[in-house]
Amino acid sequence: MIDLSSKKMLSPKLNAVLDAALERERDQQPKREYLGGSEIGHECERQLQFSFFNVERDVDKYLVGRKLRIFERGHWAEAAMIRWMRLSGVEILTEDKDGEQFGFSEAGGLFKGHCDGIIVGGPSVFGPFPRLWENKGLKAAKWRSFEKHGLRHFSGTYWGQVQVYQDRFDLRDNPALFSAVNMDTMEIHWEAVPFNPMACEALSVKAARILRSCLAGELLPRISQDPTFYQCKFCDWCEHCHQMEIK
Ligand code: SF4
């Protein structure tokens, strides 16, 4: 007789082994000790402080098993896009002379960022050159929202990242190229993102303000006092934040 119960148990048992390995790997990685240029566009300054201090995430938001695999999927999308572009004749630089991702570091290493690539040549439709390139792998609903609303309205965080990186990598003259891969259908949507000096300046001031507050031990205000507010619902520190006494 076929043992259905053991068949049902096969996936959980095997996945548990993979997940444990991924979680061990996660625990061995050094913790990030800086404010990321990739996140500075996020609206909630308190959330950026939690991220800066590596505050323990709420239990249900902790990056475990399946979420770690989803996170890794973003790297696959980036590697595939680089391959597809190179195959199409696009000249894209992804590493500096030391073989490292292009990066910037400010405020004694407390504000940093790394870009996906710089497109320097290729078919004219990919120009003007040189230009910053950033890519995300998105689930279908998010990808459709990006396609419909455009980057700035879809994600202030991604848009802010592109602004700061255009400035820090000295690529202000030509609009950045932002691409997103729909991880369900593998469709690709592209957007040219012009540099906005005023927004970039505001983001730089914001970074300095957050770092000053962090170093002074001051907690910045919540974006909302309501834990059901949409930004809070998806925040990794929602429970932690809204249980704190200080407003
Ligand atoms: S729960 Fe809301 S207010 Fe608190 S850090 Fe997160 S986004 Fe900000």
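Just so it is clear, the values below take in all heavy atoms, side chains as well, and ignore hydrogens, waters and symmetry mates. If you read the sequence from its start, that first residue is 1, and numbering goes on from there. When a ligand or atom number is given, it counts from 1 through the structure's own listing order.
- When each of Lys67, Arg66, Arg69 is tested with Asp19 by the rule side chain to side chain donor-acceptor pair (under 3.5 Å), just one qualifies, namely Arg69.
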Pair Arg168-Ser204, side chain to side chain donor-acceptor pair (under 3.5 Å): steps then yes or no: CA-CA 10 Å; Arg168 296 327 195 254; Ser204 300; 3.0 Å; yes

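- Around atom 4 (Fe) of ligand 1, protein N, O or S atoms at less than 2.8 Å comprise Cys241 SG.
- For the residue pair Ser51/Arg57, the side-chain donor-acceptor check at 3.5 Å is not satisfied.
- Annotation: side-chain hydrogen bond (donor to acceptor under 3.5 Å, both in side chains) contacts of Arg152 (sequence neighbours excluded): none.
- Checked by atom type, the side-chain pair Thr228/Asp226 shows a donor-acceptor distance below 3.5 Å.
- A side-chain donor-acceptor contact under 3.5 Å links Gln231 and Glu43.
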